[in-house]
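Below is one structure, written out as structure tokens; comments come after it.
Heavy-atom basis, side chains included; hydrogens, waters and symmetry copies ignored. Each chain gets a letter, A, B and so on, in the order the sequences are listed, and its residues count up from 1. The shown structure was predicted, so the numbers you read here are calculated from the model rather than taken from an experiment.
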Protein chains: 2
Amino acid sequence: MLDERKKRILGAVVHNYITTAVPVGSRNIAKKYKLGLSPATIRNCMADLEELGYLAHPHTSAGRIPTDKGYRFYVDSLMEQEDLSSEEKRKIEKEYSHKMNRIDEIMEETSQVLSLISHYTGLILAPNLEKSIFHHLELVSLENGRILSILITGSGLVKNKIIEAEEILPEERLEEILDLINDRLSNLPLKRIKEFISDQLKIKTYSVKIWELMNQIFTWDGAEELYLRGRINILEQPEFKDLTRTKSIFQALEEKRLLVEVLSRPTPSEGVRVLIGKETRCRKIRDLSLVTSTYSINGRPVGILGVIGPRRMEYSKVVSLVDFTAKIVSEVLTDLSHTTKVYG
Amino acid sequence: MLDERKKRILGAVVHNYITTAVPVGSRNIAKKYKLGLSPATIRNCMADLEELGYLAHPHTSAGRIPTDKGYRFYVDSLMEQEDLSSEEKRKIEKEYSHKMNRIDEIMEETSQVLSLISHYTGLILAPNLEKSIFHHLELVSLENGRILSILITGSGLVKNKIIEAEEILPEERLEEILDLINDRLSNLPLKRIKEFISDQLKIKTYSVKIWELMNQIFTWDGAEELYLRGRINILEQPEFKDLTRTKSIFQALEEKRLLVEVLSRPTPSEGVRVLIGKETRCRKIRDLSLVTSTYSINGRPVGILGVIGPRRMEYSKVVSLVDFTAKIVSEVLTDLSHTTKVYG
DNA sequence: ATTAGCACTCTCATTTAACGAGTGCTAACT
DNA sequence: AGTTAGCACTCGTTAAATGAGAGTGCTAAT
């Protein structure tokens with residue numbers, strides 16, 4: 001375990017590096033942070049911290065920069081959460097003040113807010129359909145036996161899908177099955193609906209065709225939607241002025257699949273999660289950090305939002321931002337889910 | 001008018017600059033293009049072309065680069081369209097070979113294709129709702145008098161909108177009005193529907209509430225959807241290694257409104273349109289060129305697609321690409337529109 | 001244990017010089 | 001008269017040289 005002095009010096013180095021982006025030297029620390037120590041002492045201490053793996057040298061005779069381990073310790077033990085300024089809070093609340101009826105508006109707005117306030121890249125993963133609650137299904141027959149299905153979830157998400165039925169189904173038959181579904185399955189999690197379809201519907205007298213149809217309606221390509229805003233903010237950071245590296249990072253940010261994969265990893269704990277550099281376990285974004293939180297509807301977590309930016313991120317502020325935003329989004333979505341019950 | 005020699009030399013300069021991105025000198029031209037002229041002669045000629053405004057000097061003792069006027073002349077009179085290789089054609093057709101039922105899939109696919117083949121940035125503006133044909137409307141009552149409207153166009157575009165009705169409307173009333181709309185207005189351009197609503201519906205005995213409701217359904221925020229792919233390809237070009245300028249270009253590319261504005265300008269002519277540098281009449285993208293074409297459904301133009309890239313673009317190839325892609329997209333959408341007639 | 005002092009290292013910015021591509025002009029050539 | 005060769009000149013690019021500055025690590029003194 002680090003002693004008090006080491007902690008304070010590590011904290012000072014990380015803090016200074018985060019704000020200046022310049023490798024920090026002992027003299028600098030001695031001047032800016034009143035630790036009551038001379039540069040020489042600090043130097044010794046920093047050498048120790050380096051040996052312990054918390055700091056690194058870009059080269060001899062340059063200051064130190066934190067390693068991932070250093071950032072990790074800072075985030076876990078040293079940093080104190082820096083509340084958003086009341087102005088920032090106001091700004092966020094204002095963005096959500098006007099009525100939004102559609103989930104995708106809320107997603108757009110949220111990624112925008114996260115990017116705007118953090119000056120990094122904001123992201124939000126749309127509510128996972130699997131975890132959503134079923135509310136209503138509407139079917140419209142199209143030509144050639146194709147059917148447009150409109151699925152409404154408890155959170156107000158509307159999902160359209162066009163289905164090719166092999167055989168044209170009579171209108172009455174559809175009505176019948178539709179009523180059954182809407183009567184019996186309302187408020188069930190979508191995940192459970194497929195089970196129901198397998199169990200109930202198959203046993204009953206309904207034809208295989210209808211079973212297949214329903215199966216198709218409640219199956220969707222797993223491609224969860226990811227909203228990203230403010231990618232250019234990455235270019236703002238001095239460490240990315242070198243183009244070659246920057247380009248590969250942009251490429252990674254264009255690959256939604258990659259980010260979705262990283263984001264959907266099971267969350268070990270409640271609240272805000274911080275992934276630093278290599279901890280993302282993904283080469284392409286190993287120079288970036290990720291601050292995320294789940295957001296929920298009626299207390300049930302349905303999606304993930306957060307900020308992605310340079311390793312040298314203002315964690316103390318971003319953690320607050322992500323936390324705050326997640327709470328607001330949860331509220332907004334929960335409200336929406338209450339007013340989106342199907343009528344009659 | 002330029003004489004034959006000037007044309008050939010201008011063509012050579014533009015071509016060479018497009019392929020190498022290096023200001024081109026007389027010696028270079030003399031060697032690579034067999035014009036049967038000595039460097040000195042070419043020099044004189046280039047000096048003339050400069051005076052006429054077709055070429056420019058970055059500085060004395062550097063080669064020439066084309067001006068916008070130079071590119072324009074090249075595109076209009078010199079360039080010969082370079083057909084896509086059969087491999088490229090195959091590649092494109094393959095991308096469209098699997099069944100796509102939803103417009104947005106087609107849009108995603110198309111912007112992707114344009115970016116992939118051109119190595120610049122691909123873009124497509126989704127079909128303009130105003131110009132679309134109405135096919136079917138579906139209404140679902142939600143709690144609190146809110147109504148989910150589902151609008152299906154002839155091209156298979158499905159548009160959801162949640163409407164807040166001030167007063168709860170009885171189900172029968174909705175059914176009634178819905179039948180009227182679907183019976184009478186099918187196959188009308190959406191633009192005309194609003195007129196119909198104003199004229200017919202108002203005169204009849206329907207309440208003001210219903211009129212307002214319909215009005216809301218057929219009114220949408222003009223925000224047309226723009227699909228963009230391959231923005232990073234911009235970084236690929238040597239002229240953008242300077243960051244400050246690049247950043248502002250990226251910012252411009254993030255601003256969809258800006259691009260939508262430029263794209264939706266009325267097209268003067270049929271076929272592929274090329275806008276070079278300043279011709280875009282937009283400061284932020286004055287270093288870029290735009291190659292666009294309309295695409296259509298059943299012969300009626302409904303949207304715009306194209307490629308945006310450096311002024312020094314391979315026009316001869318990109319023009320072919322955009323032309324070809326527009327034709328394919330038109331076919332795909334027209335097919336889709338035929339199979340998306342509402343049943344019964 | 002802490003600190004002051006000092007030699008040493010390494011980067012970065014600046015200067016300097018050489019280089020070379022390209023021009024523009026003139027005079028010779030066909 | 002148009003074309004070409006020759007040549008001086010310009011200017012940007014690149015590489016090497018230089019010096020300043022920041023920072024370290026070690027040693028010896030406090």
Side-chain angles (χ1 to χ4, degrees), chain A residues 2-10 12-17 19-67 70 238-239 241-243, chain B residues 2-10 12-17 19-67 70 238-239 241-243:
Chain A
L2 299 181
D3 61 37
E4 195 54 37
R5 174 188 293 171
K6 288 208 177 62
K7 282 186 192 172
R8 297 192 64 185
I9 289 180
L10 177 56
V13 171
V14 175
H15 178 264
N16 201 59
Y17 186 63
T19 49
T20 65
V22 168
V24 11
S26 54
R27 200 184 141 74
N28 213 315
I29 296 272
K31 241 191 282 180
K32 284 196 202 156
Y33 303 80
K34 296 165 194 164
L35 303 177
L37 296 170
S38 77
T41 315
I42 294 173
R43 266 204 293 285
N44 287 328
C45 190
M46 279 161 87
D48 293 346
L49 284 167
E50 184 172 356
E51 209 168 342
L52 291 167
Y54 293 96
L55 295 179
H57 254 178
H59 54 86
T60 6
S61 86
R64 258 74 172 205
I65 61 173
T67 60
E239 49 263 70
K241 58 171 179 264
D242 168 29
L243 262 212
Chain B
L2 300 181
D3 60 38
E4 195 53 38
R5 174 187 293 170
K6 288 207 177 62
K7 282 187 193 172
R8 297 191 65 184
I9 290 180
L10 177 55
V13 172
V14 175
H15 178 263
N16 201 59
Y17 186 63
T19 49
T20 64
V22 168
V24 10
S26 52
R27 199 184 141 73
N28 214 314
I29 296 272
K31 240 190 283 180
K32 284 196 203 158
Y33 303 82
K34 296 165 193 164
L35 302 178
L37 297 170
S38 77
T41 315
I42 295 173
R43 266 204 293 287
N44 287 327
C45 190
M46 280 162 85
D48 293 347
L49 284 168
E50 184 172 354
E51 208 168 343
L52 291 167
Y54 293 96
L55 294 178
H57 254 178
H59 54 86
T60 5
S61 87
R64 258 72 172 208
I65 60 172
T67 60
E239 49 263 70
K241 56 172 181 265
D242 167 29
L243 261 212

Would you call [X] and [Y] a side-chain contact if the rule is heavy atoms closer than 4.5 Å?
X: T41(A); Y: L35(A); result: no
X: L49(A); Y: R64(A); result: no
X: H15(B); Y: Y33(B); result: yes

Quick one: on DNA chain D, does L37(B) or A62(B) contact a more 5' nucleotide (nearest heavy atom)? L37(B)
So which one's nearest nucleotide on DNA chain D is more toward 5', P23(A) or N44(A)? P23(A)
Testing the basics here: between L55(B) and P66(B), what is the closest heavy-atom pair and its distance to 0.1 Å? CD2-CA, 3.8 Å
Can you check whether R5(A) has a side-chain N or O nearer than 4.0 Å to OP1 or OP2 of dT2(C)? yes
According to a strict under-4.0 Å criterion, is S38(B) in side-chain N/O contact with OP1 or OP2 of dT3(D)? no
Nearest to side-chain heavy atoms of H57(B), which nucleotide of dG5(C), dT2(C), dT23(C): dT23(C)
Considering only side-chain heavy atoms of R43(B), which listed nucleotide, dT3(C), dT23(C), dT4(D), is closest? dT23(C)
Atom-pair distance ([atom1] on [X]; [atom2] on [N]), nearest Å:
X: K32(A); N: dA22(D); atom1: NZ; atom2: P; result: 12 Å
X: E50(A); N: dG25(D); atom1: CD; atom2: C1'; result: 12 Å
X: M46(B); N: dA21(C); atom1: CE; atom2: C1'; result: 12 Å
X: N28(B); N: dG20(C); atom1: CG; atom2: P; result: 16 Å
X: E51(B); N: dG24(C); atom1: CD; atom2: P; result: 11 Å
X: I42(B); N: dT4(D); atom1: CD1; atom2: P; result: 9 Å
X: H59(B); N: dG24(C); atom1: NE2; atom2: P; result: 12 Å
X: D48(A); N: dT24(D); atom1: CG; atom2: P; result: 13 Å

Side chain of T67(A), backbone of A56(A): donor and acceptor closer than 3.5 Å? no
Does [X] make a side-chain donor-acceptor contact with the base of [N], cut-off 3.5 Å?
X: R64(A); N: dG25(D); value: no
X: S61(A); N: dT9(C); value: yes
X: R27(B); N: dG22(C); value: no

Touch check for A40(A), heavy atoms < 4.0 angstrom, all strands: base, sugar-phosphate only, or nothing? base
Base, sugar-phosphate alone, or nothing: which one does T60(B) contact when heavy atoms must sit under 4.0 Å apart? sugar-phosphate
